[in-house]
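Quick note on labels: first sequence line is chain A, next is B, and so on, each numbered from 1.
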Number of protein chains: 2
Amino acid sequence: MRTRSTTLPKPTDAELTILRCLWRNGPCPVRALCDALKDQQNWGYTTVLKFLQIMTEKGLVTRLPEGRAHIYTAAIGEADVEADMVSDFIWRVFQGSARKLVLGALATGDVSTEELAEIKGIVESLEGKQS
Amino acid sequence: MRTRSTTLPKPTDAELTILRCLWRNGPCPVRALCDALKDQQNWGYTTVLKFLQIMTEKGLVTRLPEGRAHIYTAAIGEADVEADMVSDFIWRVFQGSARKLVLGALATGDVSTEELAEIKGIVESLEGKQS
DNA sequence: TGACAACTACGAATGTCTTCGTATATACTT
DNA sequence: AAGTATATACGAAGACATTCGTAGTTGTCA
């Protein structure tokens, strides 16, 4: 179940990377995040720390002291962020037409047969719901 | 028919606004663009000019002298830009899963019954094409 | 011909994002 | 107790993006 988070700012690319790590691994201190990110992003420790400080200000994460260090926790859910970003993108690029986005995504050719079937299922269930 | 334009940079928001205007109105001088954009963006003349100069450097538009002024023309098609941006977005937000993007877009609830039918048609035609 | 209008070119201010470096405090170890 | 390791906080540099202001050129017209 998604909880709408209308107030939080859209994360930047770097912030999104960090949020993904927190979503996957659960609450972590900075050091653990650095290690977990080492293969994707070779960020220095203070880089990650800085992002987390900014994200704390923005409300994207929360933190609790644990001894000398801090434990950071994602303050928004993955589904919420994705929904916000999709909405935003639809407006920026397609002037609000979700249809054009879907058609564009399907046209990338990166959707497998199983996924197509799943999508068709969703479309049909939505068709059923509408007046 | 789309022609792939792998080399051109992704336009920024402002550049996209200008490209849309060129796509809709065809080749224009700066003055005409300013006028056409007046209701959406209240940009000063030199602002629009600056964008067009940058876009010329980037290869997003081309220009031809016409008397004292220049006529600007979009150097990429709308479908190409949209496809690039969708691809990019799918990677940035969904790690390459077009499926997740489609599901997210459908979940916004902004797709009408007719559009759903159209999407289903596309899905079915894609299903037919795949092995 | 001299003033005015329109156009281009250039540079600069501001804001955001990414990325570290340095300084400082705190704990552990010998 | 001194030195090393680990943490945080702060500041700053470099890249883009957005937005104009100013300067300079060229053409028009009374």
Side-chain angles (χ1 to χ4, degrees), chain A residues 8-22 27-73 81 84-85 88-89 91-93, chain B residues 8-22 27-73 81 84-85 88-89 91-93:
Chain A
L8 292 178
K10 188 168 71 67
T12 67
D13 280 357
E15 289 166 352
L16 198 52
T17 300
I18 290 187
L19 281 175
R20 265 196 289 262
C21 203
L22 288 173
C28 301
V30 182
R31 178 66 58 194
L33 272 173
C34 278
D35 292 348
L37 289 166
K38 196 152 31 175
D39 36 344
Q40 324 167 36
Q41 303 277 342
N42 211 25
W43 281 329
Y45 181 92
T46 55
T47 303
V48 177
L49 175 62
K50 181 66 165 185
F51 284 141
L52 287 167
Q53 286 169 346
I54 293 171
M55 292 168 79
T56 303
E57 277 174 24
K58 290 190 185 177
L60 293 173
V61 298
T62 57
R63 69 181 196 178
L64 292 175
E66 162 113 348
R68 51 209 164 285
H70 288 134
I71 304 291
Y72 288 88
T73 305
V81 170
D84 280 354
M85 294 190 78
D88 182 73
F89 185 77
W91 280 103
R92 284 201 316 110
V93 180
Chain B
L8 293 178
K10 188 168 72 69
T12 67
D13 280 357
E15 289 166 354
L16 198 53
T17 301
I18 290 186
L19 281 174
R20 266 196 287 261
C21 202
L22 287 172
C28 301
V30 183
R31 179 66 58 195
L33 271 175
C34 279
D35 292 348
L37 289 166
K38 196 153 28 173
D39 36 345
Q40 324 168 38
Q41 303 277 342
N42 210 24
W43 280 330
Y45 181 92
T46 55
T47 302
V48 177
L49 175 63
K50 181 68 164 186
F51 284 139
L52 287 167
Q53 286 168 346
I54 293 170
M55 292 168 79
T56 303
E57 277 174 23
K58 291 190 185 177
L60 293 173
V61 299
T62 57
R63 67 181 198 179
L64 291 176
E66 162 112 350
R68 53 207 162 284
H70 288 134
I71 303 290
Y72 288 88
T73 306
V81 170
D84 281 354
M85 295 190 78
D88 181 74
F89 184 77
W91 281 102
R92 284 200 314 110
V93 180

Any side-chain heavy atom of [X] within less than 4.5 Å of one from [Y]?
| X | Y | result |
| --- | --- | --- |
| A:Tyr72 | A:Leu49 | yes |
| B:Gln41 | B:Val48 | no |
| A:Gln53 | A:Lys50 | yes |

Regarding D:dG11, can its base be found pairing with the side chain of A:Lys50 as donor and acceptor, where the two atoms are less than 3.5 Å apart?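 Indeed there is one.
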Rounded to whole Å, please give me the gap between [atom1] in [X] and [atom2] in [N].
| X | N | atom1 | atom2 | result |
| --- | --- | --- | --- | --- |
| A:Asn42 | C:dC20 | CG | C1' | 13 Å |
| A:Met55 | D:dA9 | CE | P | 16 Å |
| B:Phe51 | C:dC7 | CZ | P | 19 Å |
| B:Leu16 | D:dA17 | CG | P | 13 Å |
| B:Leu49 | D:dG24 | CG | P | 17 Å |
| A:Gln53 | C:dC20 | CD | C1' | 13 Å |
| B:Glu66 | C:dA6 | CD | P | 17 Å |
| B:Tyr45 | D:dT18 | OH | P | 20 Å |

So, is [X] near the phosphate of [N], with a side-chain N or O under 4.0 Å from OP1 or OP2?
| X | N | value |
| --- | --- | --- |
| A:Arg31 | D:dA7 | yes |
| B:His70 | C:dC7 | no |
| B:Arg63 | C:dA9 | yes |
| B:Thr46 | D:dG21 | no |
| B:Thr12 | D:dA17 | no |
| B:Trp43 | D:dC20 | no |

Which is more 5' along DNA chain C, the nucleotide nearest B:Ala69 or the one nearest A:Lys58? Just name the residue.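 The residue mapped nearer the 5' terminus is B:Ala69.
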As a quick check of understanding, evaluate side chain to side chain contact (heavy atoms under 4.5 Å, CB included) for B:Thr17 and B:Trp43, giving each step before the final call. CA-CA 11 Å; B:Thr17 301; B:Trp43 280 330; 4.1 Å; yes
Identify whether the distance between the nearest side-chain nitrogen and carboxylate oxygen of B:Asp84 and B:Lys10 falls below 4.0 Å.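 Salt bridge absent between B:Asp84 and B:Lys10.
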